[in-house]
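Heavy atoms only: backbone and side chains are in, while hydrogens, waters and symmetry mates are out. The structure displayed is predicted, hence computed values, not measured ones.
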Amino acid sequence: MSTETTVGEICQVMDRAYPPHLAESWDSVGLICGRREAPVRQVAFALDCTDEVAEAAVAAGVDMLIVHHPLLLRGVDSVAADTPKGRILHSLIESGIALFAAHTNADSARPGVNDKLAELVGITPGRPLAPKPGPGRHLWGVHVPAEHVDKLKQALFAAGAGRIGNYSECVFEISGTGQFKPEPGADPTDGEVGQTYRDDELRIQFVAKPGDKQALLDAVYTHHPYEEPAFDITELADATPLEQAYGLGRIGQLPEPMSLREFTQQVADGLPATSWGVRAAGDPDKRVQTVAVASGAGDGFIDVAAKLGADVFVTSDLRHHPVDEHLRVSDMAIIDTAHWASEFPWTAQAEEIVRRETGVETTVITVRTDPWTVSAESAHGA
């Protein structure tokens, strides 16, 4: 277990996994309270930061709480300790617990909330329902004397260089001759002021995420032997295949067709149990195989899912009229789950990422924050 990891470093891990630029314009993600320089020994994960979750985090003695739903998404006039949100913040701050949220950026990221939901209902997550342009990539070219190239490459790799899909430390090297003439005031590592200098150099080329630019610049200036390193950065167009693109929702195929009735039960069995349960709209005997999912409140994607050819759409928080109006014009079935059930499984995904990247202790707070606590069926039957 690392004893030197800080809140800021955990934030960086989360931001790499769930890039903030993927968040919707109305959203508010990132660090909510806490000092970035504070040490972290244990991190807890939950979907919501309710009073009960905050109490569980305090009781567990964690240093940081990571949630999906931002505590301060809607504006408040006060965070006094006698207000609902203020009470939670005071409890966390007084216990030295930092609070961080990854919301719609985690919905759109890959892997993210929607990928986890897709896997749980039985499909391999394919294209998003609402694709977002990726962050693109930068192509770097750095010139360095051959005897110093290995040391510089390792520093660049540690800062994020050369990661392509499931491959790391990807780099292309070109041999050549470097030339420069140190002018008065220079302090050259090689050569002398006023004299032209030539020597063998390598140009190392690699791709990197735009978000890693500052870390890579720091690595170049810290580990390059020259006073003035020669390098260039070119912005590349986003060429991410649609099946791998960022964005809200996912669509994919079941291994074999099944009835809507059977698939609804499969969804219920795959997701965490709630009093709300799972309900479906459509012909119970309809055969379904192409499945669209959208975690959380997804009624805005009903038409999109239908146009993409989905046989059934799985989402949450559905209202009577949008579903009724949809069924008048389309035979795509709809499955409605509890909002909490569709998103809580993400906490295990985020926990695994933080534990793997930092080595700190992690725990998932299993408090069911779904607000619905009682359900009943009419004694008169459906």
Side-chain angles (χ1 to χ4, degrees), residues 18 45-48 67-69 102-104 106-129 243 247-299 301-302 304-306 308-318 323 332-353 364-373 375 377:
Y18 311 111
F45 297 81
L47 192 73
D48 304 281
V67 296
H68 183 50
H69 294 142
H103 191 207
T104 52
D107 291 331
S108 285
R110 301 194 83 121
V113 181
N114 280 286
D115 299 284
K116 189 66 177 178
L117 175 59
E119 292 166 6
L120 290 175
V121 303
I123 64 171
T124 298
R127 60 154 292 171
L129 299 182
E243 290 296 303
L248 300 173
R250 298 289 185 269
I251 192 166
Q253 299 284 319
L254 292 170
E256 298 290 340
M258 62 177 68
S259 70
L260 174 61
R261 179 184 288 104
E262 293 170 326
F263 180 62
T264 302
Q265 187 61 55
Q266 179 167 298
V267 172
D269 293 342
L271 298 184
T274 62
S275 296
W276 178 294
V278 173
R279 57 186 179 177
D283 179 357
D285 297 318
K286 172 184 170 65
R287 306 298 285 177
V288 300
Q289 186 168 24
T290 301
V291 180
V293 302
S295 62
D299 62 7
F301 294 117
I302 292 176
V304 174
L308 290 175
D311 299 316
V312 58
F313 177 39
V314 182
T315 189
S316 308
D317 294 351
L318 290 173
V323 174
M332 182 187 75
I334 297 180
I335 293 179
D336 189 18
T337 76
H339 191 126
W340 177 84
S342 74
E343 296 184 330
F344 175 75
W346 164 82
T347 58
Q349 179 194 96
E351 180 199 26
E352 197 279 329
I353 290 171
V364 172
I365 295 175
T366 58
V367 173
R368 189 174 73 182
T369 55
D370 182 59
W372 307 102
T373 57
S375 65
E377 292 186 5

Checklist entry - Between CD of Glu119 and CZ of Arg250, what distance do you get to the nearest 0.5 Å? => result 10.0 Å
Next on the checklist: Strictly distance-based, threshold 3.5 Å: is any side-chain N or O of His68 a donor or acceptor partner for the main-chain N or O of Ala102?
Outcome noted: yes
Item to check | Side-chain heavy-atom pair Asp370, Phe344 within 4.5 angstrom cut-off | outcome: no
Next on the checklist: Could you go through Arg110 and Asp115, starting from their C-alpha distance and side-chain angles, then the distance that decides it, and tell me whether this counts as side-chain contact (heavy atoms from CB on, under 4.5 Å)?
Outcome noted: CA-CA 7 Å; Arg110 301 194 83 121; Asp115 299 284; 3.6 Å; yes
Checklist entry - Hey, what do you get for CZ (Phe313) to CG (Leu308), rounding to the nearest 0.5 Å? => result 10.5 Å
Item to check | Spacing of Leu271 atom CG and Thr337 atom OG1 [to the nearest 0.5 Å] | outcome: 6.0 Å
Checklist outcome for this item: What one should report as the nearest heavy-atom pair of Gln289 and Pro257 is OE1-CG, 3.5 Å
Checklist entry - Do Gln349 and Val113 pass the side-chain contact (heavy atoms from CB on, under 4.5 Å) test, and can you show the C-alpha distance, the side-chain angles, and the key distance before you say yes or no? => result CA-CA 8 Å; Gln349 179 194 96; Val113 181; 5.9 Å; no
Checklist entry - After noting the C-alpha distance and the side-chain angles of Lys116 and Ser295, does the key distance pass the side-chain contact (heavy atoms from CB on, under 4.5 Å) rule? => result CA-CA 9 Å; Lys116 189 66 177 178; Ser295 62; over 6 Å; no
Next on the checklist: Could you report the tightest heavy-atom contact between Ala310 and Ala292, atom names first, then the distance?
Outcome noted: CB-CB, 3.8 Å
Next on the checklist: Assess the residue pair Glu262 and Val288 against the criterion (side-chain contact (heavy atoms from CB on, under 4.5 Å)); give the C-alpha distance rounded to whole Å, side-chain angles, the decisive distance to 0.1 Å, and a yes or no.
Outcome noted: CA-CA 9 Å; Glu262 293 170 326; Val288 300; over 6 Å; no
Checklist entry - Checking Gln253 side chain against Thr124 main chain: does a donor-acceptor pair fall under 3.5 Å? => result no
Next on the checklist: For Met258 versus Leu254, what's the shortest heavy-atom pair and its separation?
Outcome noted: CG-CD1, 4.1 Å
Item to check | Distance-minimising heavy-atom pair for Pro345 and Pro272 | outcome: CG-CD, 3.8 Å
Next on the checklist: Quick one: does any side-chain atom of Thr315 pair with a main-chain N or O of Asp299 as donor and acceptor, under 3.5 Å?
Outcome noted: no
Checklist entry - Roughly how far, to the nearest 0.5 Å, is OG1 of Thr274 from CH2 of Trp372? => result 11.5 Å
Next on the checklist: So, taking the atom named CD1 in Ile365 and the one named CG in Asp48, what distance separates them when rounded to the nearest 0.5 Å?
Outcome noted: 11.5 Å
Item to check | Test: Arg287 and Asp311 ion pair at under 4.0 Å | outcome: no
Item to check | Polar side chain donor-acceptor pair, Thr369 to Trp340, under 3.5 angstrom | outcome: yes
Solution key, residues 276-283 side-chain donor-acceptor pairs under 3.5 Å, sequence neighbours excluded:
| unit_1 | atom_1 | unit_2 | atom_2 | d |
| --- | --- | --- | --- | --- |
| Arg279 | NE | Asp336 | OD2 | 3.0 |
| Arg279 | NH2 | Asp336 | OD2 | 2.9 |
| Asp283 | OD1 | Asp285 | N | 3.0 |

Next on the checklist: On a heavy-atom basis, which atom in Ile302 and which in Met332 lie closest, and how many Å separate them?
Outcome noted: O-CE, 3.5 Å
Next on the checklist: Would you call the rings of His69 and His339 parallel, tilted or perpendicular, taking 30° and 60° as the class edges?
Outcome noted: perpendicular
Item to check | Smallest separation among heavy atoms of Ala333 and Lys286, with atom names | outcome: N-CE, 4.1 Å
Checklist entry - Just how far is it from atom CG of Leu260 to atom CD1 of Ile334, taken to the nearest 0.5 Å? => result 10.5 Å
